[in-house]
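Okay, so here's the structure we're looking at.
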Amino acid sequence: MRITDTADLWYKNAVIYCVDLETYLDSDGDGIGDLPGLTQRIDYLADVGVSCLWLMPFYPSPRRDNGYDISDMFGVDPRYGDHGDFVELVRVAHDRGIRVIVDLVINHTSDQHPWFRRSRASKDSPYRDFYVWRSDTPPDTSEEAMFPGQEDGIWTYDEKTEEWYLHHFLHTQPDLNTANPQVREAITKTMGFWLQLGVDGFRVDAVPFAINQTTLTGADQHEFVEPHDYLRTLRDFLQRRSSGTSSAMILGEVNLPHQDQLAFFGGEDGDQLTMQFDFTVNQKTFLSFAREDARPLAEALSERPQNLSVETQYANFLRNHDELTLDLLSAQERDEVLDTFAPEEDMRFAGRGLRRRLPAMFDGDPRRIKMAYSLLFSLPGTPVLFYGEEIGMGENLEVPGREAVRTPMQWSQDKNGGFSSARPSKLARKVVKGPFGPEHVNAAQARRDPDSLLHHVGRLARRYRDCPELGWGELTILDQPHHEVLAHRMTSGDQSMVLIHNLSPKSLVVPLTLHDEEKGTELIDLLQDGACAVDAEQATEVTLEGYGYRWLRVKRPGDPRLL
Ligand code: NOJ
């Protein structure tokens with residue numbers, strides 16, 4: 001690829017970092033993180049190697065679902081600051097070469113949103129069809145509720161007009177009728193607004209739910225609407241409105257198997273989402289970790305559709321702000337992961353996942369944690385970090401539900417981990433206690449320790465950005481004798497890398513045979529000192545210590561690159 005392509009399609013080798021403002025840094029001592037707090041930490045993020053910031057919802061909201069229940073899509077929740085603070089954040093981030101994307105919730109609003117208040121007021125309201133209503137008694141939908149502990153179905157009866165409205169999430173999050181052209185227009189208007197304030201794209205929430213309205217264009221009308229047209233509309237709009245030297249992107253949350261995700265990219269046309277999180281690879285990675293066997297991950301990577309439109313990209317992640325959902329695994333595989341990493345009931349969520357962060361699952365073993373992040377950055381696609389992963393934060397199981405992993409960022413050993421000067425009882429969420437608490441895990445200490453996870457992640461981020469073949473390249477899984485090891489090769493044009501990861505604590509020798517390489521080609525270690533000659537006939541043997549990893553550049557004679 002040309003340098004200019006990598007700049008245009010910047011998201012194909014970006015390092016994305018997700019921030020929940022609420023718990024990042026409180027600049028005014030009220031116990032709640034805010035926009036000026038985050039702005040103060042942009043230099044820290046630049047230092048980590050982050051090139052794109054993803055802001056979780058910061059809009060006005062009753063916060064029944066951590067802000068994913070929005071009551072004003074154009075607003076800034078005053079607890080976090082105002083539009084001036086938002087623009088200031090974007091300006092500072094851009095100045096440091098960091099792009100900014102924001103959450104776009106297209107499937108639902110809060111029940112406090114003026115649209116829903118008007119919609120529920122009367123059956124004749126012009127806003128009635130902004131949401132999905134039914135007059136007949138719904139069947140049992142308990143299986144479809146996303147939060148089974150909190151909701152027993154996806155329809156709620158509304159006294160005022162004596163009908164039921166649809167909500168896949170909480171009953172305080174009514175689903176929008178996305179087949180309604182007025183709703184589509186209202187959503188694109190929202191995108192236009194934030195693009196004008198400088199954002200570089202959107203993380204689109206709950207996409208499959210949002211495009212499942214096909215016929216409900218009015219209480220009694222049954223005009224068929226092609227559901228994926230909604231995504232085409234969003235993409236077209238984005239393309240028209242994002243001008244300048246690089247394109248904006250839309251990163252969709254589509255928790256479906258690879259084959260089903262294809263339609264959300266727009267198949268070969270690639271005219272819908274530009275990026276999607278890879279939930280299959282995420283879940284199979286944890287299965288591989290649990291078994292200390294790289295094969296499930298290797299299979300998932302191999303069956304990932306190739307030859308997608310050049311503008312599309314997968315986003316890889318280990319943990320995010322939700323539970324680690326295992327819903328794409330078989331029941332037996334799910335149990336294996338749960339038994340290994342969430343042995344206590346309290347560590348589990350809704351029977352399908354874990355409410356833990358990765359270092360706690362690995363009992364804090366630094367070798368294993370470092371290997372896991374090396375693996376994340378080495379996978380084909382774009383890596384996404386959740387705040388605090390770079391320093392190895394753990395969870396607080398005393399905090400209920402999914403909030404257990406959304407605790408305050410641990411900046412230092414100071415009061416409240418340096419997150420806020422407020423009284424602990426006033427904090428947005430409780431700080432982690434115990435071995436993963438701020439006395440042991442914090443950014444300030446990690447900065448001073450050259451062997452820290454923070455430095456490791458920083459190195460990986462910089463190397464990753466320096467090696468566009470990881471984000472852009474074609475994948476080959478390399479045969480080797482140990483099922484504990486993932487050996488893969490990423491190639492783009494004449495740039496190529498070999499990456500090996502040992503998922504087990506055993507030391508192993510990995511033979512690498514690179515055929516068709518000319519004499520004088522070397523494998524250069526990009527993370528530590530070391531190089532070895534490639535012999536086309538004989539295998540090069542690379543020793544991996546327990547949980548060891550290597551990033552080896554295939555450097556041919558005359559290659560002008562620095563290393
Ligand atoms: C997915 C988000 O990641 C999650 O946190 C939220 O609860 C649901 N979508 C509903 O918006």
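Just follow the structure's listing: the first ligand is 1, and inside any ligand the first atom is 1. These values consider heavy atoms only, across backbone and side chains, with no hydrogens, waters or symmetry-generated copies.
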*Taking the side chain as every heavy atom from C-beta outward, state whether Trp411 and Arg41 have any atom pair closer than 4.5 Å.*
yes
*Using non-hydrogen atoms of the residue, decide whether Val105 is closer than 4.0 angstrom to ligand 1.*
no
*Atoms of ligand 1, numbered as shown, that sit under 4.0 Å from any heavy atom of Arg402*: 4 (C), 5 (O), 6 (C), 7 (O)
*Where Ser125 and Arg118 come nearest, the two heavy atoms and their spacing*: OG-O, 3.0 Å
_Contact between ligand 1 and Arg406 is defined here as a heavy atom of the residue under 4.0 Å from a ligand atom; is it met?_
yes
*Can you tell me if Tyr387 uses its side chain to pair, donor with acceptor, with the backbone of Thr23 under 3.5 Å?*
no
*Could you list which atoms of ligand 1 come closer than 4.0 Å to a heavy atom of His108?*
10 (C), 11 (O)
*Could you list which atoms of ligand 1 come closer than 4.0 Å to a heavy atom of Glu253?*
1 (C), 3 (O), 9 (N)
*Under 4.0 angstrom from ligand 1, any heavy atom of Met146?*
no
*What part of Phe277, side chain, backbone, both or neither, has a heavy atom within less than 4.0 angstrom of ligand 1?*
neither
*Which one of Asn66, Asp20, Asp65, Asp103 has a non-hydrogen atom at the shortest distance from atom 7 (O) of ligand 1?*
Asp65
*asked:* Yes or no: does Arg203 have any heavy atom under 4.0 Å from an atom of ligand 1?
replied: yes
_For atom 11 (O) of ligand 1, what is the closest protein heavy atom, and at what distance to 0.1 Å?_
Asp205 OD2, 2.7 Å
*Answer yes or no for His168: is there a heavy-atom contact with ligand 1 below 4.0 Å?*
no
*Does the ring centre of His228 sit less than 6.0 Å away from the ring centre of Phe264?*
yes
_Between Gln283 and Asp327: side-chain donor-acceptor atoms closer than 3.5 Å_ = yes
*Write out the residue and atom name of the closest protein heavy atom to atom 8 (C) of ligand 1, then the distance separating them to 0.1 Å.*
Phe169 CE2, 3.7 Å
*Could you check if a side-chain atom of Tyr131 sits within less than 4.5 angstrom of a side-chain atom of Arg120, using non-hydrogen atoms only?*
no
_Atoms in ligand 1 with a heavy atom of Phe147 nearer than 4.0 Å_ = 7 (O)
*Is there side-chain contact between Val48 and Tyr44, with at least one heavy-atom pair below 4.5 Å?*
yes
*Main-chain N/O of Phe116 paired with Ser119 side-chain donor or acceptor, under 3.5 Å*: no
_Within the 3.5 Å criterion, strictly below it, is a donor on Glu88 or Thr39 matched to an acceptor on the partner's side chain?_
no
*Nearest protein heavy atom to atom 5 (O) of ligand 1, by residue and atom, and its distance?*
Asp322 OD1, 2.7 Å
*Give the numbers and elements of all ligand 1 atoms closer than 4.0 Å to a heavy atom of His321.*
2 (C), 3 (O), 5 (O)
*Do Tyr11 and Asp200 get their side chains close enough for a donor-acceptor pair, meaning under 3.5 Å?*
no
